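Take a look at the structure below.
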Amino acid sequence: MEASPILFFDSGVGGLSVVAPTQALMPAALIVYVADSAGFPYGTRSEAEIAARVPALLGRLVERFAPRLVVIACNTASTIALPAVRAALDVPVVGTVPAIKPAAQASRSRVIGVLGTEATVRQSYVDDLAQRFAGDCTVLRHGSAELVQLAEATLAGRPADPARYRAVLAGLFDQPGGDRIDVIVNACTHFPLVEAELAAAAPPGMRFVDGGPGISRRIAFLTQGQDWPAGAPRHRAVFTRLGDAERALVPALARYGIDTLEAL
């Protein structure tokens, strides 16, 4: 059991924003990070595609790596496929959902923005979260496929023109009531990776929240008391398609202690 990893799964490298707070809480944890690069990006795919692809792929991954816990570090995959994945696997599964509750708790203007992929922001799951935890707030949403690409490029060492971030945020601020937003939910795990760029493009004092810290606490709770291998953990990254674009991420992955890349 002590050699069993935690398996983090995303369509790309966005899940690293969940890996980081998990490593801060659990430095001895062994991690296998899986990016479905062959299916990237999920945010522009149909619900039917994601609902079929994610459980099947995670079934193969669990068989191969025998993890003690699976983390779907992707809001889009979680909001669409989480129940099916939990039904299919015999290991604990932690999902990722938009951090609307902490955003509502932090907002003074009672207007919050939800910035995610197109697939995530249109889900009824988001409607339910807004009704349950932000019933007295105006919740404005904007889906951006471009921001996912910007995050991937930034991690690969190709920063973008700040104007592109301003254009993405305009999708929230230009809506009726958007000028009153004081908290933005980064409802895609890619987006915290470029939070500094988003903050620089937003009005002064804008607050950004995401689910990473809460997910890491849940992971720590579910694995408390479990043993880990002695010594520094050797993490690996697995890609469903391993090409030049994925190899360009080697320096960024190394910052998370991930020094081995392989193809599924």
Side-chain angles (χ1 to χ4, degrees), residues 1-40 42 54 56-74 77-78 85 89-96 151-158 189-190 192-194 210-264:
M1 181 64 172
E2 69 179 22
S4 296
I6 299 173
L7 192 149
F8 288 81
F9 176 83
D10 185 24
S11 64
V13 294
L16 293 173
S17 68
V18 183
V19 169
T22 302
Q23 289 178 320
L25 280 180
M26 307 168 58
L30 183 64
I31 290 168
V32 171
Y33 185 89
V34 180
D36 184 13
S37 45
F40 176 86
Y42 281 178
V54 171
L57 185 52
L58 280 170
R60 291 174 56 197
L61 291 165
V62 167
E63 183 176 356
R64 175 167 174 175
F65 295 107
R68 66 183 73 194
L69 181 75
V70 169
V71 182
I72 304 180
C74 172
S78 294
V85 170
L89 302 183
D90 59 358
V91 297
V93 180
V94 176
T96 309
E152 292 268 332
T154 297
L155 225 65
R158 304 190 308 275
T189 54
H190 278 81
L193 300 175
V194 289
D210 65 86
I215 298 163
S216 65
R217 291 192 293 270
R218 181 63 178 165
I219 295 168
F221 173 78
L222 290 173
T223 58
Q224 61 183 337
Q226 296 180 10
D227 294 328
W228 297 97
R234 297 293 302 273
H235 310 307
R236 69 176 71 181
V238 181
F239 293 87
T240 55
R241 178 183 58 210
L242 184 55
D244 291 342
E246 290 72 36
R247 292 187 177 92
L249 296 166
V250 166
L253 293 168
R255 295 198 292 270
Y256 297 83
I258 300 172
D259 56 9
T260 301
L261 267 68
E262 59 187 75
L264 181 61

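Because the structure is predicted, anything quoted here is derived from the model rather than measured.
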So Y256 and I31, do their side chains get closer than 4.5 Å, heavy atoms only? no
Check the pair H190, D10 against side-chain contact (heavy atoms from CB on, under 4.5 Å), reporting the backbone distance first and the verdict last. CA-CA 9 Å; H190 278 81; D10 185 24; 3.3 Å; yes
Quick one, V18 and D210 - any side-chain contact, counting heavy atoms below 4.5 Å? no
Between V91 and R68, is a side-chain contact (heavy atoms from CB on, under 4.5 Å) present by the stated rule, with each step listed? CA-CA 6 Å; V91 297; R68 66 183 73 194; over 6 Å; no
List the steps, then state whether side-chain contact (heavy atoms from CB on, under 4.5 Å) holds for V94 with I215. CA-CA 8 Å; V94 176; I215 298 163; 3.9 Å; yes
Could you tell me which non-hydrogen atom of A77 sits nearest to which non-hydrogen atom of I72, and how far apart they are? CB-CG2, 3.7 Å
What heavy-atom pair brings S17 and T189 nearest, and what distance separates the two atoms? OG-O, 2.7 Å
Are more than 12 heavy atoms from other residues, nucleotides or ligands located less than 6.0 Å from atom CD of E63? no
So which atom in F8 and which in A73 form the shortest heavy-atom distance, rounded to 0.1 Å? CD2-CB, 4.4 Å
Any chance you could measure M26, atom CE, to T223, atom OG1, to the nearest 0.5 Å? 3.0 Å
Begin with the C-alpha distance, continue with both residues' side-chain angles, and end with the deciding distance and a verdict on side-chain contact (heavy atoms from CB on, under 4.5 Å) for R234 and D259. CA-CA 7 Å; R234 297 293 302 273; D259 56 9; 3.0 Å; yes
Taking all non-hydrogen atoms of both residues into account, name the closest pair between R241 and S37 and its distance. O-OG, 2.6 Å
R64 atom CZ, neighbour heavy-atom count above 12 within 6.0 Å: yes
If I take atom OG1 from residue T22 and atom CZ from residue R217, how far apart are they, to the nearest 0.5 angstrom? 10.5 Å
Do L69 and R218 have side chains that get closer than 4.5 Å, going by heavy atoms? no
Do H235 side-chain atoms and G257 backbone N/O form a donor-acceptor pair below 3.5 Å? no
Quick check: does any side chain N or O of E262 sit under 3.5 Å from a backbone N or O of R236, one acting as donor and the other as acceptor? no
Minimum heavy-atom distance C74-T96, with the two atoms named: N-OG1, 3.7 Å
Hey, what do you get for CZ (F221) to OG (S216), rounding to the nearest 0.5 Å? 14.0 Å
Does some side-chain heavy atom of L16 sit less than 4.5 Å from a side-chain heavy atom of I258? yes
Closest non-hydrogen contact found for A263 with V238 is C-CG1, 4.2 Å
Note, L193 side chain near T154 side chain (heavy atom, < 4.5 Å): no
Report yes if some heavy atom in the side chain of L261 is under 4.5 Å from a heavy atom in the side chain of L249; otherwise report no. no
Could you measure the distance from the CG atom of D36 to the OH atom of Y42? Nearest 0.5 Å is fine. 3.5 Å
